[in-house]
Structures are given as structure tokens and as C-alpha cells.
Amino acid sequence: MDPGEDSSRFGSVPVTTSRNMSSSSSVFFSANQSPFFSPRTSTCQLSESTRSDAHCDSIHLSADPLSSSSGIPDPESMANVRFALSDISAVPAACTSSDFQKFDHVTSSIGISNSTLSSYSHVHDNGYSKLREKHRKHGRSYGMSCTSVSVSLASNRLRSCDVFIGLHGRKPSLLRFANWLRAELEVQGMSCFVSDRARCRNSRKHGIVERAMDVSSFGVVILTRKSFKNPYTIEELRFFSKKKNLVPIFFDLSPGDCLVRDIVEKRGELWEKHGGELWVFYGGLEKEWKEAVNGLTRVDEWKLESQEGNWRDCILRAVTLLAMRLGRRSVVERLTKWTEKVEKEEFPFPRNENFIGRKKELSELEFILFGDVSGDAEKDYFELKARPRRKNLTIGWSKSGLVDERRRERQWESGSRKGKEPVVWKESEKEIEMQSTDVPQRLRPKSGGRYSRRKRSMKILYGKGIACVAGDSGIGKTELLLEFAYRFHRRYKMVLWVGGESRYIRQNYLNLWSFLEVDVGIENCSEKSRIKSFEEQEETAINRVRKELMRNIPFLVIIDNLESEKDWWDHKLVMDLLPRFGGETHIIISTRLPRVMNLEPLKLSYLSGVEAMSLMQGGIKDYPIAEVDALRVIEEKVGRLTLGLAIVGAILSELPINPSRLLDTVNRMPLRDFSWSGSEAHSLRRNGFLVQLFEVCFSIFDHADGPRSLATRMVQASGWFAPAAIPISLLALTAHRIPEKLKGTQLWRRLLISLTCGFTSSYTKRSEAEASSMLLRFNIAKSSTRQGYIHFNELIKLYARKRAVNGAASAMVQAVISRGTITHYSEHIWAACFLLFGFGTDPKAVELKVSELPYLVKEVVLPLAIRTFITFSRCSAALELLRLCTNALEAADNLLVTPVDKWLDKSLCWRPIQTNAQLNPSLWQDLALTRATVLETRAKLMLRGGQFDVGDDLIRKAVFIRTSICGEDHPDTIAARETLSKLTRLLANVQIHTSP
């Protein structure tokens with residue numbers, strides 16, 4: 001042992017802990033300071049001698065991000081595990097209000113509060129001889145539970161610990177599992193102490209761990225096949241068995257594998273290599289070893305098995321059982337409700353039972369995220385070309401980055417070149433370092449534009465938990481991500497699916513609050529405290545979600561169809577939403593972009609010829625050679641897109657038609673002349689055959705259900721909805737409101753009469769359910785896990801917008817206004833607002849009647865804006881919506897006060913010229929009062945962001961309107977004047993403090 005090895009790194013600083021309302025603001029302490037005090041202890045302090053000896057070489061089980069923010073660990077410490085004691089109380093709730101009059105009284109719910117105190121159980125392998133020597137030295141025999149008296153603590157105060165977790169080994173999957181278990185227990189308010197005692201360096205460190213074992217209510221021992229030759233694991237089994245609080249977790253084992261006879265006699269494939277008289281390896285006693293192993297058979301209730309496919313179930317069951325034994329019924333109830341919610345809402349789509357191919361891509365995604373592959377995937381995986389040397393890529397603005405990089409290079413050159421190079425992850429506020437398979441290169445993002453052009457780009461990062469899948473529209477990116485999520489979702493606490501469309505990604509990201517149980521609403525501030533700007537409040541909400549994802553609990557975040565690297569609203573990088581790379585949470589992004597965040601994406605190629613043929617043939621496998629050739633022609637003509645191949649297979653399965661006749665029908669289908677624009681239309685612009693295939697489907701629907709087929713109109717209506725699952729009832733209502741198109745020649749429909757012989761008799765006028773079922777069977781729509789919802793591919797929605805008749809957009813807006821509810825259809829209400837008000841540079845697509853505006857504003861716009869602002873802290877979006885709404889109301893008011901130009905008025909010269917406001921005074925008053933309500937709402941929101949001058953101007957306009965129409969003594973006028981007085985007082989205070 002080095003002389004300075006046990007020296008204290010922290011000094012004698014007293015530690016004070018207080019309960020913090022933020023779950024991520026926990027303060028972590030090393031075992032130097034005290035590893036086993038209860039989180040209920042308010043203060044604690046260790047003597048200097050204990051600080052210098054209590055430090056163990058830790059296994060760093062993926063530290064909590066904030067706990068490591070004070071410093072960057074050395075590369076060799078990345079194999080370490082951090083352990084923590086915490087006491088957490090969670091109040092998962094979000095405040096929702098649709099009444100703007102309650103702005104001054106809205107309170108934000110408290111998120112997960114956490115006061116976490118960490119202990120480190122550092123471990124190091126010192127060889128068999130040292131192990132035996134230490135085991136004899138530190139004072140605890142196998143049959144005793146005494147504690148080494150050499151451990152000295154200030155005032156010798158030890159508090160209880162809920163759970164002791166013992167493990168042995170450095171396998172990454174084992175550390176990931178143990179880290180998840182520890183973090184999950186802490187989140188639920190149970191204090192933990194985790195240790196691999198086989199690598200503690202001296203008796204003092206052993207004594208600290210033993211004291212933690214003594215005071216723990218339950219002892220969780222994670223058993224692997226190597227655990228049975230570890231003396232400390234055997235001791236923990238015997239110790240907790242005698243206390244009758246042993247909780248064994250069989251990791252990659254089963255209780256049936258852990259039989260004494262099988263292990264000793266090396267029976268079975270498992271113990272043929274790892275079995276034998278294992279007590280000999282550490283010089284133990286056979287009787288004690290057998291007693292410990294036999295004790296596992298007597299623990300009936302706690303037989304928890306952790307295999308590759310059931311980590312989530314094992315951990316949740318362990319936490320639930322421990323919470324029940326500890327009397328934490330609220331924890332059990334909360335976990336039960338959360339589990340029920342996840343089972344219903346985790347995935348946006350059901351699993352594709354007919355998923356074909358993509359074995360290589362799935363294995364590569366697994367390797368990119370986890371750093372290795374397991375199970376059957378190892379056989380299917382391709383070999384990666386090994387590089388002789390790997391360095392770190394630094395992205396950031398750290399001044400010391402270059403110095404650190406040179407220092408690491410010198411250490412690498414001077415050190416041993418044998419063995420594997422350690423995986424390195426570092427992050428601080430100033431610097432992010434990511435391991436890359438390419439030559440290190442420093443990238444500096446320039447403000448106001450894309451990343452600077454460069455000759456070399458970063459290669460794919462393996463084992464960092466971030467993957468990007470790129471490919472054309474319709475090639476199968478979503479299907480690949482969905483299949484990966486279903487295969488590996490048990491390795492994560494939950495799969496979080498986020499739509500990546502630029503206008504909706506921020507809202508979709510904040511919608512995760514209900515699963516993460518955090519509050520993303522606006523905080524209440526007193527007049528004396530500093531009022532945060534709108535930008536700060538939005539960043540605070542994002543950071544709350546981000547910090548929950550940066551815990552040691554693994555989530556799988558899937559951002560599907562990322563349209564841009566920047567958010568549409570404020571042009572900030574999407575990377576700001578994501579947790580740091582290299583943590584327990586993994587991120588997969590699908591996109592059409594060539595590169596995202598300087599990451600080299602996994603380019604998704606087409607299906608192989610055999611896979612494409614299988615997808616098109618469906619259940620029919622015995623086509624003659626001529627028909628197989630026709631299928632190959634269709635495959636090429638459709639651009640080999642998975643979407644087109646699936647539609648072809650559905651047509652062949654649903655109709656009595658062979659491939660050659662289908663090919664002829666598609667070729668003879670008239671191709672409409674559309675003006676395609678935008679990057680999203682690239683696939684349709686270059687693929688006329690796919691457009692003709694869409695037309696064939698619509699013609700089939702119309703022939704089966706008449707010229708105004710409900711299924712066809714539902715597709716036309718879908719193009720105007722948001723990129724989310726659409727309620728079938730709302731979609732059908734929109735379809736019914738689409739006006740009839742002009743009658744024209746339908747000669748080309750005769751081509752389909754012979755093809756669908758017998759089809760008409762079974763398909764008469766269809767109901768909503770039957771029409772949606774038809775869309776699903778022909779793969780035009782995709783089913784959703786939400787009952788009564790369907791989803792459409794963006795290519796189909798794009799073509800539907802081009803093909804739709806006039807009035808389709810207006811029909812969608814009318815349907816959403818009349819039926820849509822804010823809580824269930826918020827995405828589609830936003831889509832309707834985009835069409836009505838023309839956000840950004842987009843023109844207005846729908847014009848409402850003046851008489852319809854008051855209802856729209858009162859029932860739709862105001863509740864949507866207030867919910868967006870209060871519940872999700874999306875200040876800029878809510879304020880922009882209200883600003884555009886104000887402009888629309890002012891334009892309608894100007895229209896009403898314009899003189900009426902009628903022939904009768906001109907002929908009767910003695911009649912004064914009238915306006916619409918005079919002809920319909922009640923409508924004008926309703927419109928004016930609605931505008932006053934919007935102005936007052938905007939003023940109150942401006943008050944919450946510290947923009948008192950803007951709010952003062954707005955509320956004065958509202959007061960003027962209310963006074964003119966309602967009078968001075970009306971309650972609404974009085975309330976508006978009170979808001980004006982408050983803003984005037986605050987504005988005066990600001991002017992006093994800012995004046996020279």
C-alpha cells in the first residue's frame with residue numbers, strides 16, 4: 001500500500017445536510033466522511049483518523065451527475081462505483097389550471113425532494129494472500145458479527161440503514177444492475193449502503209462496512225457464479241441468514257443452479273468450469289461454505305432472479321418487497337400506480353409481429369448503446385475492425401482541455417500498453433469529453449449558425465449510450481427503433497418515446513413529467529424575490545426533466561423523426577434537452593438529416609432482396625417465376641422503401657390480384673401533377689411509382705365504399721393534423737365535414753372494377769371503425785396503443801395535403817374546435833392554431849368567420865395558452881399564441897367598424913352609412929370584451945416574467961375597453977384595475993432601483 005494512499009482528500013470539514021426540494025441537488029459525501037449515517041441525521045462529522053482510513057477504492061456505479069460535478073475523475077477511476085444513502089420524499093404532481101383568473105394563486109407542486117448522503121466503498125484486488133491476511137486481521141470471524149474497534153467516529157454515533165447491498169465483481173452489466181437497484185431504492189426513500197468488500201484495502205475499511213451490515217434492516221446479496229468463491233459473499237450470506245433478513249438476488253443464475261452438490265461435483269454446464277470445492281480458493285471451511293449456500297434454499301419469499309430480459313421486473317419486485325417489509329405502504333401504492341400507467345402508455349405503437357430483417361442493425365444498436373452484445377445477437381453480429389489506438393474527443397470551451405489531453409497522451413505513452421484501454425467519460429459545466437474511434441479533434445460551435453464545416457467528423461460512439469439512425473422517409477427507421485425498444489425494454493426502467501418534429505419536440509419532451517414524476521410548471525415568486533425571466537423559467541423546466549434522466553436509473557429515450565438540430569421556437573440546440581452522454585440513460589435518435597450533433601449516424605439501408613420479397617409476398621409463398629419477377633420490378637420501382645413494400649404486400653393479401661396485374665394497374669394509374677417543395681417531399685418527388693401506388697389504394701377505397709369513401713376522406717383529413725396519434729372519432733368527424741369535390745372524369749376507375757370483383761359485396765357503406773380498419777389492413781395507417789387512435793406516416797400525410805380538396809384544412813379546424821379537449825388533443829389544437837394564426841413566416845391557411853372568433857378564443861386559445869404557460873413553463877409559445885390571437889381579434893374589430901357597402905344604402909341617400917358593428921352591436925361587444933380578456937391575460941403573464949412595462953401597456957388597453965363597455969363599477973373592470981395597480985407599483989420599484 002502506498003504511504004499516501006489513505007490520506008484524506010477532503011480535510012476535516014463538518015458536513016451539514018438539509019432536505020432539498022430538488023431531487024437532483026443532493027450532496028454526496030465519500031466514505032472518508034461517514035458511510036453509514038442515516039439520511040435522517042442532520043449533522044455528522046468524522047474524526048481525522050477515520051477520514052484518512054475510511055476511504056476505499058470504490059466501484060463507481062455510474063455516479064449521480066450532480067455529485068460528480070465538483071471534479072472530473074481520473075480515467076482509472078471510471079471502474080469505480082458510488083454508493084449513497086438517501087431519504088427521498090416524492091410528491092409527483094403537476095399543477096394544471098384553465099382559469100386565467102387564478103394566475104396569482106397557482107402553486108407549483110413539489111417534485112422529488114432528495115437529501116442524499118453518499119458513501120464510497122472503494123475496492124481493489126490485492127491478491128489471494130493479502131485477502132486471507134486481511135480477513136484474519138479485521139476481526140470479524142464467519143460465526144461472529146462483532147465490529148472492529150479500530151474504527152473511530154466522532155461521538156461514535158451510528159444510525160440505522162434500511163438496505164445493505166453486497167456484490168462481487170466488475171462486470172459492467174452487474175455494476176449497471178446494482179447501480180439501478182441502489183438508485184431506485186433511494187428514490188423511494190430507502191437508505192442504502194453498497195459494497196464489494198473483497199477489494200477493501202485495510203481493516204478500518206472493513207470495519208466501516210461491517211458496521212453498516214450490523215445496522216442494516218435488510219441485507220441484499222447479489223449472487224453471480226463468481227460469488228461462491230468469494231469469502232465476503234459467503235460471510236454476508238451467513239450473517240444475514242442468521243438475522244433472518246437475507247434478500248438474495250440471483251444475477252444470471254437461478255435458485256435451482258445454486259445447489260451444493262451441483263457446485264462441488266461440477267454438474268451442469270454452468271459449474272463445469274466455475275464449480276468445485278470453492279472454499280479452498282480463499283482458505284475457508286467447508287462446513288461454513290455449505291451452510292451459507294444451503295441457506296439460500298430456505299429463503300422462499302425472496303427468490304429474485306435477474307436475467308437479461310427481466311431487470312426491470314426484478315428490481316421493481318425487490319423494491320416493492322423491501323418497502324412492504326419496512327412498512328412503507330405509500331411506496332408500494334405509488335409503484336403499483338406507476339406500473340399500471342407504464343403498461344398502458346409506455347409504447348406509442350404495438351409491436352410489429354411481422355417485423356422482418358434488420359438483425360445487423362439491431363445488433364449494432366445494442367453494441368453502440370451497451371458497448372457489447374449478448375445472447376443470440378452475438379451470432380448475428382458483424383465484426384468491427386479494431387483500431388490500434390483510441391483517443392478522446394473534446395467538445396467544449398475548457399481552457400484546460402488541451403493541457404489535459406496532452407497529459408493523458410503522455411500517460412498513455414509512458415504507461416503499459418497491454419490490455420484494454422479504459423473507457424473514459426468526463427463531463428463538467430465547461431467540458432464534455434466523449435470517447436471516439438476517430439482521431440481527436442476539437443470542435444467549437446459557432447453561435448448563430450450550424451457547426452463549422454470540417455474535413456473530419458466524429459465517428460460512431462460505442463458504449464456511450466447515444467445512437468443516431470438516419471435514412472430516407474419510409475425506409476423503416478421507426479419500425480427499427482420500435483423493435484429495439486420492445487426487445488430491450490426490460491433493461492430500462494421505461495422507454496420514453498418523444499416525437500422529434502421541430503414544432504412539437506419541446507412539448508413532447510416536457511410531457512415526460514408524468515412518467516418521471518417531476519413538476520415542470522411555473523414557480524410562484526413573492527414580490528420580494530427575484531423574478532425569473534421567461535427564458536430562465538423555460539430552462540428550469542427543461543433541467544428538471546433532464547436531471548431526472550441523469551440519475552443512475554436507466555431510461556431509454558427515443559427521439560423519433562428529428563426534423564432539425566434546433567428547436568423551431570427559440571432556435572436552441574436540441575442537445576440542450578438531452579442528458580449527458582455516457583450515463584445510465586440511453587438515447588436513440590431517428591432522422592432524415594445526414595448528421596446530428598456531429599455524430600456519425602447509423603445509415604439505415606434498404607432491406608435485402610430476400611427480406612423485401614418476404615415482406616411483399618406476405619402469406620403467399622408459391623408465386624410462379626413470372627410473378628416473382630414482377631415483384632422484383634415493383635421492388636425497384638417503389639424505391640425499395642419499406643413503406644411501399646408493406647403496402648404492396650397488404651394489397652396482394654387483401655385482394656384477389658397477382659403481382660403482374662398489380663404492376664400493370666399501378667403503371668396505368670394517372671400521375672397527378674403536383675409541385676413538390678421542401679426536403680420532406682424528396683422521396684415523393686423522385687418516386688412517382690409510390691405516388692401511383694397511393695392512388696391505387698385510394699381508388700380501392702372509393703370503389704368499395706363509393707366515390708366519397710370515408711377511408712379516403714380520413715386520409716385526406718390526416719394531413720392537417722399534428723404528427724401524433726389521431727383519435728378516430730375526431731378524424732371521421734373531419735372527414736365528414738370535407739366538402740364534395742367537383743365531378744370529373746372517372747374513367748381510370750374502370751381499371752379497378754375487374755380487380756375488386758366480389759370486394760364490393762362485402763364492403764358497403766362503412767362506419768368509422770370499419771374505415772379505420774381498412775386503413776390499417778392496407779398499411780396506409782398504423783395502429784396505436786391508445787384505444788381509438790391511429791397514426792399516419794409523414795409521407796402519406798404529405799401526399800394527403802397535396803391531394804386534398806379545398807376545405808379539408810378548414811374542416812379539421814372546425815372539428816378540433818368543436819370536439820377537441822385541451823388535455824387529450826393538445827397537439828392537434830396546436831396544429832389548428834398554426835393553420836388559423838400563421839406562426840412565423842407561414843401564411844394563414846384557414847379563415848374563420850368573425851362570429852366564430854369569440855368562442856374559439858374563450859374555449860380553445862385561452863385554456864391552451866394558460867395550460868402551456870402554467871403547467872409546462874413554455875412561456876414563449878404561450879405568449880406568441882396570445883399575441884397572434886390579439887392581432888386576429890383586432891383585425892376582426894377593424895372589419896366590423898368598416899362602413900357597410902350595400903346597394904340599398906347607396907340608393908337611400910337620407911340614410912346614414914352604417915357599419916357591421918352598428919348592425920350587430922352584441923357581436924362587436926362580445927369581440928371587444930374577448931380582446932380585453934386576452935390583453936389582461938397577457939399582462940398577467942408578463943408580470944410573471946418581469947416585463948412590467950409591456951404588461952402595463954397591455955392592461956391599460958384592457959381597462960379602457962372594459963370601462964367603455966361595462967362601466968367603472970363592473971367586477972371585471974375592478975379586477976383589471978387591481979392588476980394595473982400591481983403592475984404600476986412593480987414598475988415604479990424597478991425604475992427606482994435602476995435610476996442613477
Side-chain angles (χ1 to χ4, degrees), residues 36 121 123 128 131-148 151 160-169 178 192-200 203 205-251 253-264 271 274-305 318 321-322 325:
F36 40 53
S121 202
V123 289
Y128 171 64
L131 183 61
R132 291 190 60 187
E133 179 182 355
K134 289 182 178 180
H135 190 65
R136 290 192 301 265
K137 180 181 177 181
H138 65 62
R140 180 196 285 265
S141 65
Y142 289 124
M144 300 174 61
S145 60
C146 61
T147 313
S148 173
V151 178
S160 64
C161 177
D162 291 327
V163 182
F164 175 90
I165 301 177
L167 71 156
H168 174 63
C192 303
F193 190 103
V194 189
S195 174
D196 184 348
R197 299 165 61 214
R199 285 152 55 203
C200 286
S203 60
K205 301 164 191 176
H206 281 284
I208 293 173
V209 180
E210 290 166 8
R211 294 292 298 275
M213 293 172 60
D214 287 335
V215 300
S216 296
S217 300
F218 288 93
V220 176
V221 181
I222 303 177
L223 298 171
T224 64
R225 61 176 181 264
K226 294 184 178 180
S227 300
F228 296 98
K229 61 177 65 176
N230 175 36
Y232 301 104
T233 301
I234 301 300
E235 179 187 357
E236 290 164 6
L237 290 176
R238 297 184 68 245
F239 176 75
F240 290 116
S241 292
K242 289 186 177 181
K243 293 181 64 177
K244 299 186 182 303
N245 60 358
L246 174 65
V247 183
I249 296 181
F250 300 89
F251 189 81
L253 293 173
S254 66
D257 295 329
C258 304
L259 300 178
V260 171
R261 180 179 175 183
D262 293 344
I263 298 175
V264 174
W271 301 117
H274 301 281
E277 298 179 350
L278 302 183
W279 59 87
V280 177
F281 283 83
Y282 60 89
L285 299 177
E286 177 182 359
K287 179 182 177 181
E288 294 176 346
W289 184 89
K290 290 184 176 181
E291 178 186 341
V293 179
N294 283 327
L296 296 174
T297 61
R298 293 188 291 270
V299 186
D300 296 327
E301 183 182 356
W302 298 98
K303 289 182 179 180
L304 302 171
E305 296 182 50
L321 290 174
L322 287 168
R325 286 298 187 89

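Both backbone and side-chain heavy atoms feed into the values below; hydrogens, waters and symmetry mates do not. Residue numbers start at 1 and run along the sequence shown.
- Heavy atoms of other residues, nucleotides or ligands lying less than 6.0 angstrom from NZ of K226 number 12 at most.
- The closest donor-acceptor contact from the side chain of W289 to the backbone of F228 lies under 3.5 Å.
- Side-chain contact between E305 and L253 is absent, with no heavy-atom pair separated by less than 4.5 Å.
- The side-chain heavy atoms of L304 and L321, taken from C-beta on, include a pair separated by under 4.5 Å.
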Exercise. Going through the distances and angles, do L296 and L246 end up as a side chain to side chain contact (heavy atoms under 4.5 Å, CB included)?
Worked result: CA-CA 9 Å; L296 296 174; L246 174 65; 4.3 Å; yes

Problem set entry | Test side chain to side chain contact (heavy atoms under 4.5 Å, CB included) applied to D162 and L322, step by step | CA-CA 9 Å; D162 291 327; L322 287 168; over 6 Å; no

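- For the pairing with L167, the side-chain contact (heavy atoms from CB on, under 4.5 Å) check across I249, V194, T233 returns one residue only, V194.
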Problem set entry | Candidate pair H206 and Y232, rule ring pair (Phe, Tyr, Trp, His ring centres under 6.0 Å), full reasoning | CA-CA 10 Å; H206 281 284; Y232 301 104; 5.1 Å; yes

Exercise. Between D257 and S254, does a side chain to side chain donor-acceptor pair (under 3.5 Å) hold up when you go through it step by step?
Worked result: CA-CA 5 Å; D257 295 329; S254 66; 3.0 Å; yes

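- Listed by chain and number, the residues in a salt bridge (Lys or Arg N to Asp or Glu O under 4.0 Å) with E291 are R238 (sequence neighbours excluded).
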For this session: Quick one: do E286 and E277 satisfy side chain to side chain contact (heavy atoms under 4.5 Å, CB included)? Show the steps, please.
Result: CA-CA 8 Å; E286 177 182 359; E277 298 179 350; over 6 Å; no

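- Interatomic distance, H168 NE2 to R197 CZ, rounded to the nearest 0.5 Å: 12.0 Å.
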For this session: Show your reasoning for whether side chain to side chain contact (heavy atoms under 4.5 Å, CB included) applies to L223 and L237.
Result: CA-CA 10 Å; L223 298 171; L237 290 176; 4.1 Å; yes

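- F240 pairs by the ring pair (Phe, Tyr, Trp, His ring centres under 6.0 Å) definition with F164, not counting sequence neighbours.
- Checking side-chain atoms of K243 against main-chain N and O of D214 turns up a donor-acceptor pair under 3.5 Å.
- The side-chain contact (heavy atoms from CB on, under 4.5 Å) check on T297 picks up L259, with sequence neighbours excluded.
- Side-chain contact check for I234 versus L278: every heavy-atom pair is 4.5 Å or farther apart.
- A pairwise comparison of heavy atoms in P248 and V299 identifies CD-CG1, 3.8 Å as the closest pair.
- Among all heavy-atom pairs drawn from D262 and G256, the shortest one is OD2-O, 4.4 Å.
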